[in-house]
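Quick notes on the structure that follows.
In what follows, every chain begins at residue 1, and chains take the letters A, B, ... in the order their sequences are listed.
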Amino acid sequence: MYSKTKTISGYGGTVDIDATSFRGERHSDLQTSQKHSPLLARGQGLSYGDCSLSKQVFQTERLNRFVAYQKETQQLTVESGVTFKDTLRTATNIMLPVYPGTVHASIGGGVANDVHGKNHFNAGSLGCHITFIELHWPGESITVSQRQHPELFKATIGGLGLTGVIGKVGLQLQEPHKAVTVKQQPLATISEAINTLVEAAKTHRYAALWSDWFQQGRSILTTANPINAPVTDAISTGLSIPFKPLLSCVRPTLMRVFNQLYYAHQRRQPEIIMPFCRFNNPLDSIKHFNYLYGRPGFYQFQCVIPLAQSNAFADFCLHHFKQTRTFPNLSVTKLLGDKAPGILSFAKAGVSFAFDFNATDKSMVEYLTRACLDFDGRVYLAKDSVLDKATFEAMYPNHENFKAVLARYPQTKQFRSLLSERLGVHHD
Amino acid sequence: MIETWFIIGASSQIARAFCKELATCEVDLVLIGRDTEELTLNQQDLIIRYGLNVSILTADLSCSSDTDPIIKLLQHTTSPVNLFLAQSVTDENDTLTSARIETLIQCNITANAKLIHAFSNHGNAKTLVYLSSVAGDRGRCKNSLYGASKAAIDIYMEGLRVSHPQLQLISLKLGFIDTRQTFGKPGIFLAAKPEKVAKKIITLINKKRISAYFPFFWQQIMWVIRLIPKKLFYRLSI
């Protein structure tokens with residue numbers, strides 16, 4: 001098996017590494033790659049920080065086949081390189097219960113980060129719908145599920161690829177709906193927006209807030225319910241950012257105006273029927289959206305704060321943004337439920353705040369990362385690249401349990417990432 | 001009537017990409033290759049993704065007896081048949097042994113020639129796609145036996161185009177393609193994605209073309225290389 005040395009980075013582009021990469025093309029390559037240590041499986045490389053980076057990576061993008069589908073039981077088995085987008089384009093008309101913010105991500109990556117969607121408050125995270133995972137270690141493969149090796153199963157969901165290379169994933173599907181009815185509701189302040197989001201979640205399948213922090217956190221609440229209507233597939237508009245400019249094109253002045261225009265446009269939108277993807281993944285319509293931030297890249301800070309503290313955290317953020325005159329370029333707020341089966345899963349009951357910042361605003365991301373701990377919050381490891389070990393351990397009290405599971409399986413020793421080394425979360 | 005495509009070497013990335021391109025047409029597929037596990041995975045993928053009718057046949061073309069079942073299946077197919085030949089042994093001269101030479105000639109020449117012969121005598125044959133190589137244009141010191149095997153089939157097909165003008169016999173001369181054989185290999189440049197090769201083949205079929213180089217710049221490169229006088233060529237280690 002040949003390898004290629006190249007510089008790889010996360011979606012945010014703020015961390016990179018010269019890595020030796022191996023690419024799987026046949027199922028047997030999952031075993032061949034295991035000769036190399038340290039190793040980490042890497043799908044589409046769409047996690048923002050450094051959790052998909054390692055000195056040696058095994059690329060799974062060509063291990064992207066649908067393996068089995070049972071219509072009666074609605075069970076699907078896929079190779080880990082299948083993307084969420086692939087599942088929306090099959091002749092068999094299937095749909096997963098959870099789609100993350102980008103459908104270009106691989107399902108293996110989705111499992112490793114236990115991704116959630118705009119329906120977490122009722123559907124839970126992706127891990128809630130996994131029936132089994134086929135893991136590959138040096139010289140052997142193992143199937144884990146709620147019945148077989150349940151502890152390792154829970155460690156693999158949201159386990160950042162540190163328990164082995166995921167070969168196949170079994171998923172429980174939901175009734176497909178390719179269209180949704182979407183309603184927009186303008187809200188003057190962030191507190192009002194959060195309260196309305198909580199109420200809206202009781203009667204809607206999907207709900208999320210877009211907020212303009214340049215303007216006191218005024219928001220647009222977008223809610224959606226599934227509907228059976230004929231719609232044309234619209235994942236991409238054909239727009240593509242052709243290259244990474246030297247400097248970021250995303251400037252605060254520009255974003256202030258963009259946010260104002262977006263608010264003015266969206267508040268007048270009537271209730272409409274649209275393809276699920278256009279509602280769930282608006283940024284996927286622009287290919288290489290992250291290139292807009294140029295070579296310096298950008299940070300996405302995402303944390304979850306318990307509901308009781310969420311308004312206080314929002315006020316705290318607003319105050320700090322004003323004080324430092326640094327505002328997030330884009331912001332999405334979601335309501336999370338308590339269903340997330342992984343030991344290191346991000347989701348817990350509360351409100352999730354996501355802010356995009358330019359690479360120059362690293363100190364802001366570091367400040368928010370530390371501050372959210374005071375509000376009993378925790379940051380999403382798929383987005384993180386600034387967390388330190390002590391703060392991580394305080395945010396994720398189950399980390400010892402995770403390490404204990406790794407210790408019980410010495411075969412996991414070789415799986416490491418830059419994130420695992422930074423946070424000391426791998427097999428010792 | 002639904003056409004049948006016989007895909008030989010169906011585990012390769014180019015064959016996979018080509019099957020996906022075919023999925024937009026109404027076709028039945030027969031995937032043929034050495035690795036049953038890979039064939040089954042590719043079969044299920046095509047069924048679930050595209051709802052195609054796909055069957056598989058495990059055969060190792062470097063084994064002389066394995067070609068006959070394919071030929072029998074081909075002869076017994078009454079629907080219009082098409083053949084896609086993507087398998088080859090790519091051994092370099094340095095690694096050759098008597099056994100490997102036999103394997104290379106069996107797989108790259110004997111098996112392909114038998115299949116093409118059976119195809120051209122099928123009463124309902126339509127299109128044949130043969131993945132040739134730029135190595136067949138001139139004897140490189142690195143892999144001249146492999147190149148010779150590709151050239152042999154190219155020449156055979158050239159003659160068939162005269163005797164069987166009703167058939168579309170496509171020979172696509174490939175330069176570097178981004179596959180498991182080339183990924184990370186030293187000296188590889190501008191390797192094209194298998195998906196682009198597949199799209200090119202569909203274009204050739206639709207435009208009724210019979211040969212092309214891919215990526216396109218290999219036509220110019222090979223034109224220059226063919227022009228090099230023998231005396232000079234023998235001194236170069238291209």
Under 6.0 Å between the ring centres of A/Phe84 and A/His104?
-> no
Report the option among A/Lys6, A/Lys4, A/Arg23 that has the most heavy-atom pairs separated by less than 4.5 Å from atoms of chain B.
-> A/Arg23
Proximal component of B/Phe183, with respect to chain A [non-hydrogen, under 4.5 Å] = both
Contact origin within A/Ser21 toward chain B - heavy atom pairs under 4.5 Å | both
Does any N or O in the side chain of A/Thr90 come within less than 3.5 Å of the main-chain N or O of A/Asp86, such that one atom is a donor and the other an acceptor?
-> no
Option in B/Gln13, B/Arg49, B/Gln44, B/Arg16 with maximal non-hydrogen atom pairs under 4.5 Å from chain A | B/Arg49
Option among A/Thr83, A/Thr87, A/Leu76, A/Thr60 that satisfies the side chain to side chain contact (heavy atoms under 4.5 Å, CB included) test with A/Ile107 | A/Thr87
Would you check if there is a donor-acceptor pair between the side chains of B/Ser88 and B/Asn108 at a distance under 3.5 Å?
-> no
Name the region of B/Gln181, side chain, backbone, both or neither, that has any atom closer than 4.5 Å to a heavy atom of chain A.
-> backbone
Measure A/Asn64 against the heavy atoms of chain B and call it side chain, backbone, both or neither at under 4.5 Å.
-> both
Which atoms of B/Glu37 come close to chain A, meaning under 4.5 Å heavy atom to heavy atom: side chain ones, backbone ones, both, or neither?
-> side chain
Non-hydrogen atoms of chain A under 4.5 Å away: do they reach the side chain of B/Ser11, the backbone, both or neither?
-> both
So does B/Arg180 pair up with A/Glu25, basic N to acidic O under 4.0 Å?
-> no
For residues A/Asp18 and A/Thr7, is any side-chain donor paired with an opposing acceptor at under 3.5 Å?
-> yes
